[in-house]
Amino acid sequence: MTNGAHHRRERVAAAIKQSLAEALTKRVKDPRVELTSISRVEVTSDLSHATILISVLGGDDERKAALEGLESARGFLRSLLAKTLSLRTVPELHFMYDRGIDHAARMFEVLDQMKQEEGSN
């Protein structure tokens, strides 16, 4: 992939992230997505698909509900992107829970536990 194509992909991903974040706070009225934030957007090299990685406050039930709410709003969100982005075709949207946040939290727990064990010796 050329450097220019890589930068275009990054710009498109950033524009999608910004537009969707704004739509989630101002336009989507589904209560299932109220505690949802977009952590990252990954776009394929041909710009035909965008994977939207989300984080959700709460447990597994809230995550599942948020993903269902986003799936329900997929067409609406895609049409909003068509209006706000200047792209020939708007990417298909795929929503996934961002497990990286869980991994980071677990790492902090392990580090804290190690510090406590070290302090008690």
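These numbers come from the heavy atoms of this one structure, side chains and all, not from hydrogens, waters or symmetry mates. Nothing fancy with the numbering, it's 1 onward along the sequence.
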Please report the closest heavy-atom contact between E62 and L57, naming both atoms and the distance.
CB-O, 3.7 Å
Hey, could you give me the OG1/CG distance between T25 and L20, rounded to the nearest 0.5 Å?
10.5 Å
Rounded to the nearest 0.5 Å, what's the gap from NZ on K29 to CZ on F76? Could you check?
8.5 Å
K17 NZ to E42 CD distance, which is reported to the nearest 0.5 Å
11.5 Å
Can you find a side-chain donor-acceptor pair between S37 and S55 that sits under 3.5 Å?
yes
Kindly write out the residues that satisfy side-chain contact (heavy atoms from CB on, under 4.5 Å) with E22, not counting sequence neighbours, or none if the list is empty.
K26
I need the minimum non-hydrogen distance between I54 and Y97, along with the two atoms involved.
O-CD1, 3.5 Å
Do the non-hydrogen side-chain atoms of L80 and R27 ever get within less than 4.5 Å of each other?
yes
Heavy atoms of D98 and S39 approach each other most closely as OD2-OG, 2.7 Å
To the nearest 0.5 Å, tell me how far L70 CG sits from I52 CD1.
9.0 Å
If I take atom CG from residue D60 and atom NZ from residue K64, how far apart are they, to the nearest 0.5 angstrom?
10.0 Å
Determine whether M96 and V56 fall in the same hydrophobic cluster, where Ile, Leu, Val, Met, Phe, Trp and Tyr are linked whenever their side-chain heavy atoms lie under 4.5 Å apart.
no
Atom pair CZ (R88) and CG (L47), whose distance is rounded to the nearest 0.5 Å:
9.5 Å
Donor-acceptor pair, side chain of R32 and main chain of A66, under 3.5 angstrom:
no
Quick one, Q113 with E109, criterion side-chain contact (heavy atoms from CB on, under 4.5 Å). Give me CA distance, side-chain angles, the key distance, then yes/no.
CA-CA 6 Å; Q113 187 178 19; E109 287 175 17; over 6 Å; no
Heavy atoms of other groups near R8 CZ, more than 12 under 6.0 Å:
no
Test of understanding: clusters of I, L, V, M, F, W, Y form through side-chain heavy atoms closer than 4.5 Å, transitively. Do L85 and L77 belong to the same one?
yes
Taking side chain as C-beta onward, heavy atoms only, is M114 less than 4.5 Å from E118?
no
Within a strict 4.5 Å, meaning less than it, do heavy atoms of the H7 and R11 side chains meet?
yes
Do L53 and V41 share a hydrophobic cluster, counting only Ile, Leu, Val, Met, Phe, Trp and Tyr and linking them when any side-chain heavy atoms are less than 4.5 Å apart?
no
Suppose we screen for side-chain contact (heavy atoms from CB on, under 4.5 Å). Which residues come up paired with H49, at least two apart in sequence or across chains?
T44, E92, H94
